[in-house]
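Along the sequence shown, the residues carry numbers beginning at 1.
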Amino acid sequence: MTSRYSIVQYVPNPITDERINIGVVAFDDNDVRVQFLNNWSRVQAFGREDIHFLRDFAKRMNFAASEGLLFPGDEPDGTPKHERLKKIARGWINSIQFTEPHGSLDNVENLLEDIAQTYLVNVVPTKTKRNRQDAARITTSIIRKTLISYDDKPALKEMLKNDFPVKGSHKEHKFDAVVANGKPYFAAHGISFEVHIPESLQDSISWMISDVKESNPKLPIGIVALPPKQEWQDYEKLNKLYKTTISTYRSLGAEVLQENEVQPWASYTLDKLVAM
């Protein structure tokens, strides 16, 4: 099922058409999800006016989404959701506007996470520790953005697969993100050392790397490892595990990457692919 998304924007002066993102909407035929900024100070400074109406609109959007509606006043009439939103995007000329909806292969939940991270730059970061699922989403999100950045190669973004079976010597393996077109060009997988992880998870990733590398030694494999934070009480224990584990992954032939290293690594690999 195709998911779609739209960006909610604040346009204080429609004449100058300067705008700032305040929220995102992700939806499919069965579900609607929305997310708005947690910190409105930048929007307040941008608009130089009372923005309580924006906060009120965000609340009403959340209520509408809980009812399966795209926006306050949305009236399902048999018209597909994306067509209803497209009509609003093209017709609204007030200070709150929607971008025209775009399609995605992600499910609604993952799509919302991705577009919120991409477009809501003023969301206050949470202090909670990120787990393995967070590492997976970060991995997929960064690689997707990297693919999209190749404006002259639009077909690249269609090569990102979340369920592509990568052949090993003994079995097939599923990585968080695989760039493939019939065959894999590179694979990436996330793991978080911000939390205590079971030994079985560490070993399963080692097995994935080892088995795939035995079958295809030249396939680039990136392991996106979120390191522990020094300010945490259990930092020493987590950091020891982190260093030991990433050393193992490297010895098996994987590239171990932190968040800021994923995009350069993916770009380097893609540049070689594009040049072929």
Side-chain angles (χ1 to χ4, degrees), residues 1-5 26-29 31 33 101-118 130-192 201 204-226 249 252-257 259 261-276:
M1 181 183 299
T2 301
S3 299
R4 292 182 170 85
Y5 70 92
F27 62 96
D28 60 19
D29 291 342
D31 195 12
R33 302 285 184 90
H102 296 276
S104 171
L105 297 178
D106 264 349
N107 60 46
V108 171
E109 182 178 354
N110 290 342
L111 177 60
L112 183 70
E113 177 91 17
D114 184 37
I115 60 177
Q117 184 181 21
T118 302
R130 296 173 293 180
N131 59 22
R132 169 34 219 152
Q133 288 71 33
D134 295 319
R137 283 192 289 268
I138 289 168
T139 300
T140 303
S141 175
I142 295 175
I143 291 178
R144 179 183 296 109
K145 292 175 196 175
T146 305
L147 291 167
I148 292 173
S149 71
Y150 285 76
D151 296 329
D152 58 335
K153 303 286 184 182
L156 282 179
K157 65 181 181 180
E158 303 302 328
M159 294 169 62
L160 177 61
K161 315 294 183 184
N162 300 112
D163 57 357
F164 188 92
V166 180
K167 183 180 179 182
S169 289
H170 299 88
K171 61 173 290 188
E172 293 180 336
H173 301 271
K174 297 288 184 68
F175 289 79
D176 293 327
V178 178
V179 172
N181 186 14
K183 66 177 183 179
Y185 294 110
F186 70 83
H189 203 72
I191 184 171
S192 175
L201 175 58
S204 68
I205 295 178
S206 294
W207 165 239
M208 289 168 62
I209 299 167
S210 175
D211 193 41
V212 170
K213 281 292 186 179
E214 185 177 332
S215 173
N216 188 353
K218 293 185 178 181
L219 179 69
I221 297 176
I223 301 299
V224 182
L226 306 182
Y249 294 163
L252 294 171
E255 290 277 349
V256 178
L257 310 163
E259 286 179 71
E261 298 172 326
V262 179
Q263 190 274 332
W265 173 78
S267 293
Y268 174 76
T269 309
L270 286 167
D271 287 343
K272 291 194 295 183
L273 171 62
V274 169
M276 291 174 60

Could you work out, with side chain to side chain donor-acceptor pair (under 3.5 Å) as the rule, every residue matching [X], not counting sequence neighbours?
| X | answer |
| --- | --- |
| Asn107 | none |
| Ser204 | none |
| Glu261 | none |
| Gln263 | Ser267 |

Checklist entry - Who are the side chain to side chain contact (heavy atoms under 4.5 Å, CB included) partners of Val224, not counting sequence neighbours? => result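 Testing Val224 for side chain to side chain contact (heavy atoms under 4.5 Å, CB included), a comparison that skips the adjacent residues, returns Thr139, Val262.
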Item to check | Residues forming a side chain to side chain contact (heavy atoms under 4.5 Å, CB included) with Ala26, sequence neighbours excluded | outcome: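 Partners of Ala26 by the side chain to side chain contact (heavy atoms under 4.5 Å, CB included) criterion, ordered by chain and then number, come out as Val108, Leu111, Leu112, Ile115.
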Checklist entry - Which residues satisfy the ring pair (Phe, Tyr, Trp, His ring centres under 6.0 Å) test with Phe27, sequence neighbours excluded? => result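 Counting only residues at least two positions away or on another chain, Phe27 forms no ring pair (Phe, Tyr, Trp, His ring centres under 6.0 Å).
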Checklist entry - Partners of Tyr5 by ring pair (Phe, Tyr, Trp, His ring centres under 6.0 Å), sequence neighbours excluded? => result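 Tyr5: ring pair (Phe, Tyr, Trp, His ring centres under 6.0 Å) contacts with His102.
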Checklist entry - What orientation do His170 and Trp207 show, parallel under 30°, tilted 30 to 60°, or perpendicular over 60°? => result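 His170 vs Trp207 ring planes: tilted.
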Next on the checklist: Which residues pass the salt bridge (charged side-chain N to carboxylate O under 4.0 Å, His left out) test with Glu172, not counting sequence neighbours?
Outcome noted: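 Glu172: no salt bridge (charged side-chain N to carboxylate O under 4.0 Å, His left out) contacts found.
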Checklist entry - Which is it for Ile223 and Leu257 under the side-chain contact (heavy atoms from CB on, under 4.5 Å) test, yes or no, and what are the steps along the way? => result CA-CA 6 Å; Ile223 301 299; Leu257 310 163; over 6 Å; no
Checklist entry - Do Leu252 and Ser206 touch side chain to side chain, with heavy atoms closer than 4.5 Å? => result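 Yes, close enough: below the 4.5 Å cut-off.
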Checklist entry - Which heavy atom of Gly182 sits nearest a heavy atom of Phe164, and at what distance? => result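 Shortest heavy-atom contact: O-CZ, 3.7 Å.
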Checklist entry - Can you pull the salt bridge (charged side-chain N to carboxylate O under 4.0 Å, His left out) pairs that have at least one residue in residues 131-146, sequence neighbours excluded? => result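 Those involving residues 131-146 are Asp106-Arg144, Glu113-Arg137, Asp114-Arg144, Arg132-Asp176, Asp134-Arg137.
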Next on the checklist: Enumerate the salt bridge (charged side-chain N to carboxylate O under 4.0 Å, His left out) contacts for residues 209-219, please, sequence neighbours excluded, ordered by first and then second residue.
Outcome noted: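 Listed once each, the pairs would be none.
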